[in-house]
Amino acid sequence: MNGTDYDLVIIGAGPAGMAAALYAGRARLSVLVLEKAAPGGQILVTDWIENYPGFSEGISGPDLMEQMLAQVKRFDVEIKSGEVVSMDISGPVKQLVLLDATITARAVIIATGTSFRKLGVPGENRYLGRGVSTCATCDAPFFKDSIVVAVGGGDTALQESIYLTRFVKKVYLVHRRDQLRAVKILQERAALNDKLEIVWDSTVTEIKGGSEGVEAVTVKNLKTGEAADIPAEGCFVWVGSLPNAGFAAGHMEMDGQGFIITDDRMRTNIPGVYAAGDVRNTPLRQVVTAVADGAVAASDVMHYLDNM
Ligand code: NAP
């Protein structure tokens, strides 16, 4: 392994990391995939994926991940749990410092995805896990026959709010504009769903509650300035995402929001360091683009290592 522990370390075991591992494993590189939590990333909390080609009826996120993981394991890829807290990647030997060890590699692919952005309103942190949530598939059953508020107008907010309606009595989806950002098919489904009501041109200003959890959500109409409380037991926040790249900050070029800048071969400005999937500044964040990024990154790693 030329003096390093691995040829390639892939940080993150979501779709981008899994695809990179598959390509690198088949190229017979020595590969370690590091994952902070369970392999899968955000698709683990995605109920149903219907825009990933090859599954005519769609597939559940956990099932797709299970398939990806089983496929990768056929090619001698090592997968370990571990969190990178800092790194020294400027030279040809990349050092990754974990909480309990230091690992070296000749190349690194960062595929750490994103986390949900917070609203930043009073009550959000206080009631997190006690009514405030970002995960419908995890928490929807706790809100059976309740009224909940959801926030956001993108694909996540629409898809997850529609999922919530299988459990709850009513979802008020608060969106700050009079037009949704989500793809049209989700907008059509939302419009046909009797349990889902969109509160247009509005924003959540406070999440209120008592010792048991959330009791009401204050919503302000941005056009009229009027504010009112919606009695609700839950508030689901889906207002976009932020990159999981804090550990890489200062080591490579990032955009204003902290997404890693790459070229079309997924190369960062540091030789031998790549980024793939949602964590990079990409125009589309989907499973299909994440796996494509992973494949492109891994195949460029092969050229990079050959030329080293
Ligand atoms: P997103 O597309 O960035 O949408 C975020 C939404 O939150 C927008 O509607 C935005 O409003 C709103 N928002 C942002 N900040 C806000 C604030 N402070 N207060 C109130 N509202 C706020 O994020 P996303 O929906 O999580 O999607 C992220 C990526 O994953 C996207 O690329 C999406 O396509 C992808 N995704 C795809 C699927 C799928 O293919 N089925 C499912 C989930 C996610 P504005 O519209 O006014 O900006």
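The residues of the chain are indexed from 1 along the displayed sequence. Order of listing sets the numbers, starting from 1, for every ligand and every atom in it.
Between the side chains of Glu233 and Ser146, at least one donor N or O sits under 3.5 Å from an acceptor N or O. In this model, no donor atom of one side chain and acceptor atom of the other lie less than 3.5 Å apart for Asn244 and Lys36.
Residue-ligand proximity, Gly153 to ligand 1, at heavy-atom distances under 4.0 Å covers atoms 6 (C), 7 (O), 8 (C), 9 (O). For ligand 1, the atoms closer than 4.0 angstrom to any heavy atom of Leu119 are 19 (N). Near Gln159, meaning under 4.0 Å from one of its heavy atoms, ligand 1 places the atoms 39 (C), 41 (N), 42 (C). Here is the list of ligand 1 atoms found below 4.0 Å of a heavy atom in Gly240: 3 (O), 5 (C), 23 (O), 26 (O). Against a heavy-atom cut-off of under 4.0 Å, Arg177 is close to the following atoms of ligand 1: 45 (P), 46 (O), 47 (O). Below 4.0 Å from some heavy atom of Trp238 lie the following atoms of ligand 1, by number and element: 7 (O).
Of the listed options Val237, Leu222, Asp155, Asp155 places a heavy atom closest to atom 38 (C) of ligand 1. Closest heavy-atom approach to atom 4 (O) of ligand 1 within the set Gln179, Glu160, Arg181: this belongs to Arg181.
Arg285 O, 3.3 Å is the protein heavy atom nearest to atom 30 (O) of ligand 1. The nearest protein atom to atom 37 (C) of ligand 1, hydrogens excluded, is given as Gln286 NE2, 3.4 Å; this is a heavy-atom distance. For atom 7 (O) of ligand 1, the closest non-hydrogen atom of the protein is Val239 CA, 3.2 Å. Looking from atom 16 (C) of ligand 1 to the surrounding protein, the closest heavy atom is Arg176 NH1, 3.3 Å. Ranking protein heavy atoms by distance to atom 39 (C) of ligand 1, first place goes to Asn51 ND2, 3.7 Å.
Neither the backbone nor the side chain of Glu50 comes within 4.0 Å of ligand 1, counting heavy atoms alone.
The 12-atom threshold is exceeded at NZ of Lys170, counting heavy atoms of other residues, nucleotides or ligands nearer than 6.0 Å. Atom OH of Tyr23 has 12 or fewer neighbouring heavy atoms from other residues, nucleotides or ligands inside a 6.0 Å radius. Annotation: Phe116, atom CZ; neighbour count of heavy atoms from other residues, nucleotides and ligands within 6.0 Å is above 12. By the neighbour-count criterion of 12 heavy atoms within 6.0 Å, atom CD of Gln187 is densely surrounded, having more than that number from other residues, nucleotides or ligands. Summarising the local packing, CZ of Arg26 is surrounded by 12 or fewer heavy atoms from other residues, nucleotides or ligands at distances under 6.0 Å.
Any N or O atom pair closer than 3.5 Å counts here, and Thr156 shares at least one such pair with ligand 1. On a distance-only criterion, Ala157 and ligand 1 share no N/O pair closer than 3.5 Å.
Judged as a salt bridge (Lys or Arg N to Asp or Glu O under 4.0 Å), the pairs with a partner in residues 270-290 (not counting sequence neighbours) are, in order, Arg280-Asp293.
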Validation: residues 128-138 side-chain donor-acceptor distances under 3.5 Å, sequence neighbours left out:
unit_1	atom_1	unit_2	atom_2	d
Arg130	NH1	Ser211	O	3.1
Arg130	NH2	Arg126	O	3.2
Ser133	OG	Cys135	N	2.9
Ser133	OG	Cys135	O	3.4
Ser133	OG	Asp139	OD2	2.6
Thr137	OG1	Val45	O	3.0

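Between Phe236 and Phe143, the ring centre distance stays below 6.0 Å.
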